[in-house]
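What follows is a set of notes on a single structure, which appears directly below.
Order of the sequence lines sets the chain letters (A, B, ...), proteins ahead of strands, with each chain counted from 1.
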Protein chains: 2
Amino acid sequence: MEALFQHMERYIKLREEDKVLLSGALSLREVKKKEHLLEEGRLCPYNYFVSKGCCRLYYVNDKGIEHTVQFGIDGWWITDLMAYVGGQPSGYYLQAVETGAVVLWDRRTEDALLQQIPALERYFRLVLLRSAAAEQQRNRYLSDFSGEERYHHFNNSFPEFVQRVPQYMLASYLGFTPEFLSKIRARKA
Amino acid sequence: MEALFQHMERYIKLREEDKVLLSGALSLREVKKKEHLLEEGRLCPYNYFVSKGCCRLYYVNDKGIEHTVQFGIDGWWITDLMAYVGGQPSGYYLQAVETGAVVLWDRRTEDALLQQIPALERYFRLVLLRSAAAEQQRNRYLSDFSGEERYHHFNNSFPEFVQRVPQYMLASYLGFTPEFLSKIRARKA
DNA sequence: CGGTCTCTTGACGGAGTTCAAAGCTAGTGG
DNA sequence: CCACTAGCTTTGAACTCCGTCAAGAGACCG
């Protein structure tokens, strides 16, 4: 929870009473490695702030193949936005990649909190601005680079992160099969 | 400009004085077909509201191939978010696909306007929420469907829009070459 | 240890690209 | 209002990246 306050204070000022309000309204949830926070077909009234550890958002296509669409590490928000906004059943799974903790932001208490702490409107606007910008960037990498280029680029940009996740998750995030990732690595060695 | 007010009023209430403030701070710009609002290498201190017509955001890769990353029709915001947020030179082009008009939202007057009309924080939060959700959706289509499936899906979803844009733009948006689009169409006929 | 994930390796196949050339369309100026 | 040109679309052949399938080798956890 403290991690969330710190994150918020990078963008807005929080008074002590705001923190009290937030502490009362939000809940911190510990998650074990591989545990699911959301599964396909369920409603998703939450936005998740990764306080500690690492989560991933993925879906399973009709051939049974997993596709990771987002990793969320410490200090990122992550959720199925369509299901969060629209209230329909989700088409995604949200899973803890590592043991850690998330803060649950509940859509059903969102309006009340935003009224009591108007600065949060600004906070979420800025957070969304950055995540939309990141998505735009990711789209560009996915469409412009070859699989091998994406791997090397990602590997150079986040060398420590690559060690933290299994290769099949990384492959599905980078948009190719685990077999192909294995072949890239064999070439480079 | 009136189109923008209507869009804002779908999410928040605007007082007459707010509209006066906005009218003074924002500018409406007419654009001719094929005209560029932003070019690679330039700064991008604007967010663009498409008031009438259709714009597209694209980049050119090192082989000289254009990739359309977003279409913005009436009632959508469109810009290079990285360059807008970060203030670096843009890596994108923003071009009018049809003759029309856009409203320019200037980052340099953003803070002042948001202070004078706090409800706008909420408006932009909700707009960004929806556009981030749309990007998440688009990512899924791009990674999970074959080129041919994407074409048919898009064609069924937006049959009237497909008529409005040249095929090479559509192909680059759907993630394949104009030649391939031509072959899909030949198969179906 | 034993079983279940995870990673590697190789042969084959297919979706989509590249290159080149020809046909078509639409905008522009005379 | 027609003719010309530049840009857009079509078509085909060769090629490539990467997926699929299958089988085996590690690696991790109870």
Just wondering, more than 12 heavy atoms not from B:R42 lying within 6.0 Å of its CZ?
no
Round to the nearest Å and state the distance from B:E149 atom CD to C:dA15 atom P.
11 Å
Counting heavy atoms from C-beta on, name the nucleotide in D:dT9, C:dG16, D:dT10 closest to the side chain of B:P166.
D:dT9
What nucleic acid atoms does B:S182 come within less than 4.0 Å of, heavy atoms only: base, sugar-phosphate, or nothing?
base
Using whole Å, report how far CG of A:L181 lies from P of C:dT8.
7 Å
Report the nucleotide, chosen from D:dC29, C:dG10, D:dT11, that has the shortest atom-to-atom distance to any side-chain atom of A:K183.
C:dG10
Closest approach to the side chain of A:K33, judged atom by atom: which nucleotide of D:dC29, C:dC7, D:dT11 is it?
D:dC29
Candidate nucleotides D:dA22, D:dC18, D:dT11, ranked by approach to the side chain of A:F176 - the nearest:
D:dC18
Spacing of A:L174 atom CG relative to D:dC17 atom C1', expressed in whole Å:
16 Å
To the nearest angstrom, the NE2-C1' distance between B:H67 and C:dG16 comes to 13 Å
Centroid-centroid distance, B:Y92 to B:Y58, less than 6.0 Å
no
What integer distance in Å separates A:Y168:OH from D:dT20:P?
18 Å
Interatomic distance where CD belongs to A:E179 and P belongs to C:dC7 [whole Å]:
11 Å
Measure from the side-chain heavy atoms of A:R185 and tell me the nearest of C:dG27, C:dT8, D:dT9.
C:dT8
Among C:dT17, C:dC19, D:dT20, the nucleotide that comes nearest once only the side chain of A:K63 is considered
D:dT20
Give a yes/no on whether any side-chain N or O of B:K34 is located under 4.0 angstrom from OP1 or OP2 of D:dC8.
yes
Distance-only donor-acceptor check, side chains A:H7 and A:Y123, under 3.5 Å:
yes
Per atom distances to the B:Q167 side chain, the nearest of C:dC19, C:dT9, D:dT9 is D:dT9
Walking DNA chain D from its 5' end, the first of B:F180 and A:T177 to be reached, judged by nearest nucleotide, is B:F180
Would you mind reading off the distance between B:E66 atom CD and D:dC8 atom P, rounded to a whole angstrom?
9 Å
Looking only at side chains, do A:Y84 and A:E110 share a donor and an acceptor under 3.5 Å apart?
yes
Can you tell me the distance, in whole Å, between the NE2 atom of A:H152 and the P atom of D:dC17?
14 Å
A:Y141 vs A:H153 aromatic rings, parallel, tilted or perpendicular, using cut-offs 30° and 60°?
tilted
